[in-house]
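Here the structure is laid out as structure tokens; the discussion comes afterwards.
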2 protein chains.
Amino acid sequence: MKLTEATEKFIQAWGTLGSSWGINRTMAQVHALLLIAPESLSAEDIMEKLSISRGNANMNIRALMDWGLVSKELKPGERKEFFSAEKDIWKVATQVMKERRKRELEPVLKVLQDVSVVEGDKKNKDIKAFNDTIKNIKGVVTKADKTLEMLIKADESWFVASFLKLLK
Amino acid sequence: MKLTEATEKFIQAWGTLGSSWGINRTMAQVHALLLIAPESLSAEDIMEKLSISRGNANMNIRALMDWGLVSKELKPGERKEFFSAEKDIWKVATQVMKERRKRELEPVLKVLQDVSVVEGDKKNKDIKAFNDTIKNIKGVVTKADKTLEMLIKADESWFVASFLKLLK
DNA sequence: CTGAAGTTTCAATAAATAATGAAAGAATAG
DNA sequence: CTATTCTTTCATTATTTATTGAAACTTCAG
């Protein structure tokens, strides 16, 4: 396979993966492009290679920066801004977990907490069933949350880090 | 909090969680409704409680069955079909992991495999950078895939099962 | 300053996705 | 059979989400 073809296929696949996980397709494509770019790229480079508008490029670049996956680079002598992506995919995964945990898991945990004190007859069948299910869900979601927290902090802990090696 | 209010909040939260993870909002709401329903519900019950159309209800119930999260029940003497959700959230999580792994991770792994044999000068900077990045990504994605496989099979393996308890 | 080069914003538009509901299709009680 | 009850399908419509591109804004060299 030729490099250009491989590049396109990869960008396409990464975009599809992103969009099935709730990440804007174009955002994932910009990310893919930067991941495999040997040099940092300008907004114009990105617009051109993905055939997208200036505004779209700008928005998605910014979103990627918000997620901590892409950073701005200023080349001396150049006025334009250049962008590059973190190449270490483990770090990328960690960063994504961190963000999603904060943005999505935590609000759900909060609702589960709120919702787990239902007033009324403890012997009422409906109330009992509701409480049991919520308790169960809360348990699993909390566990998932803790597991993610652990994975995110893995790099700071040799114990977990060495444990993770077992998974390789 | 009253049961009705709690129910609504939970359905709402589950729907939001679903839609930020690439799962149709209504599908997640139907799932939530069935999760906390003490009895199995008919299509009509679901339509009514979520204020959705017959077609919509039908589509999403079927999708949930495809995902293996909901099953059809036939009550003796009743002509209608009734539906109920798996209440054990760990099983739900396992099932979701299994499906998404199959539907999304495996196609990406395939592309990564295809794309990792780029023709040309091995010393060419661009080709080298591309190959390195793809190799790195493939490593992490493969590891994620294996980890999921392990988690999915956890129930069948006392070793992994007892290991998972450590995470609690 | 001033203007050229670059970036950001956002209302308008396009594209993708989901929901409706009526019609067609099944299943079954009588 | 066939009338009734229930389920499924799918063209149409509505909603949501993403994209465009022109105008406003920023930065900085001269």
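Below, read A as the first sequence line, B as the second, and so on, with proteins coming before strands; counting in each chain starts at 1.
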Legend entry - Any residue meeting side-chain hydrogen bond (donor to acceptor under 3.5 Å, both in side chains) with A:Glu99, in chain and number order, not counting sequence neighbours: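 With sequence neighbours excluded, A:Glu99 shows a side-chain hydrogen bond (donor to acceptor under 3.5 Å, both in side chains) to A:Arg103, given in chain and number order.
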
Is it the case that atom [atom1] in [X] sees more than 12 heavy atoms from other parts of the structure closer than 6.0 Å?
X	atom1	value
A:Lys75	NZ	yes
B:Lys9	NZ	no
A:Lys98	NZ	no

Inset, instruction - Pick out which of B:Arg100, B:Lys102, B:Arg101, B:Lys110 makes a salt bridge (Lys or Arg N to Asp or Glu O under 4.0 Å) with B:Asp145. - result: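 Passing option: B:Arg101.
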
For residues 57-69 of chain B, which side-chain donor-acceptor pairs fall under 3.5 Å, sequence neighbours excluded?
residue: B:Asn60; atom: ND2; partner: B:Asn56; partner atom: O; Å: 3.0
residue: B:Asn60; atom: ND2; partner: B:Asn56; partner atom: OD1; Å: 2.8

Inset, instruction - Return the angle between end axes of the helix from C:dC1-D:dG30 to C:dG30-D:dC1, with five pairs used per end and rounding to 10°. - result: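 The angle, to the nearest 10 degrees, is 10°.
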
Inset, instruction - Specify the residues of residues 22-45 of chain B, ordered by number, for which at least one heavy atom lies under 4.0 angstrom from an atom of DNA chain C. - result: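 Result for residues 22-45 of chain B: B:Asn24, B:Thr26, sorted by number.
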
Legend entry - Most 5' of A:Met65 and A:Ser19 on DNA chain C, judged by nearest nucleotide: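 Looking at the nearest nucleotide for each, A:Met65 comes out on the 5' side.
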
Provide, to the nearest angstrom, the distance between the [atom1] atom belonging to [X] and the [atom2] atom belonging to [N].
X	N	atom1	atom2	value
B:Asn58	C:dA19	CG	P	13 Å
A:Glu78	C:dG6	CD	P	8 Å
B:Leu50	C:dA18	CG	P	16 Å
A:Lys80	C:dT8	NZ	C1'	17 Å

Produce the list of close N/O pairs, under 3.5 Å, pairing protein atoms with atoms of nucleotides 20-30 of chain C; give distances to one decimal.
residue: C:dT20; atom: OP2; partner: B:Ser53; partner atom: N; Å: 2.7
residue: C:dT20; atom: OP2; partner: B:Ser53; partner atom: OG; Å: 3.0
residue: C:dT20; atom: OP2; partner: B:Asn56; partner atom: ND2; Å: 3.1
residue: C:dA27; atom: N3; partner: B:Arg79; partner atom: NH2; Å: 3.1
residue: C:dT28; atom: O2; partner: B:Arg79; partner atom: NH2; Å: 3.3

Inset, instruction - Can you sort out the partners of B:Lys125 under salt bridge (Lys or Arg N to Asp or Glu O under 4.0 Å), two or more places apart, ordered by chain and number? - result: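 Only A:Glu39 meet the salt bridge (Lys or Arg N to Asp or Glu O under 4.0 Å) criterion with B:Lys125.
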
Legend entry - By salt bridge (Lys or Arg N to Asp or Glu O under 4.0 Å) - contacts of B:Lys87 (at least two apart):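 Here no residue qualifies.
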
Inset, instruction - Examine B:Phe82 and B:Ile46 and state if one hydrophobic cluster contains both, with Ile, Leu, Val, Met, Phe, Trp and Tyr joined whenever side-chain heavy atoms are less than 4.5 Å apart. - result: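 No; tracing contacts between hydrophobic side chains, which count when under 4.5 Å, never links both residues.
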
Inset, instruction - Name the first nucleotide and the last nucleotide along DNA chain D (5' to 3') that come under 4.0 Å of a heavy atom in chain A. - result: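 Contact boundaries, 5' end first: D:dA18 to D:dC28.
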
Legend entry - For B:Ala37, all residues meeting side-chain contact (heavy atoms from CB on, under 4.5 Å), sequence neighbours excluded: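 side-chain contact (heavy atoms from CB on, under 4.5 Å) check on B:Ala37 returns B:Leu41.
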
Inset, instruction - Check side-chain contact (heavy atoms from CB on, under 4.5 Å) between B:Asn124 and all other residues, then give those that pass, not counting sequence neighbours. - result: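 Listed in chain order: B:Asp121, B:Asp126, B:Ile127.
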
Inset, instruction - Output every pair passing salt bridge (charged side-chain N to carboxylate O under 4.0 Å, His left out) with a member in residues 44-55 of chain A, not counting sequence neighbours, ordered by first then second residue. - result: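 The answer is A:Glu44-A:Arg54.
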
Legend entry - Pairs meeting criterion side-chain hydrogen bond (donor to acceptor under 3.5 Å, both in side chains) with involvement of residues 23-32 of chain A, two or more places apart: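 Residue pairs passing side-chain hydrogen bond (donor to acceptor under 3.5 Å, both in side chains), neighbours aside: A:Trp14-A:His31.
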
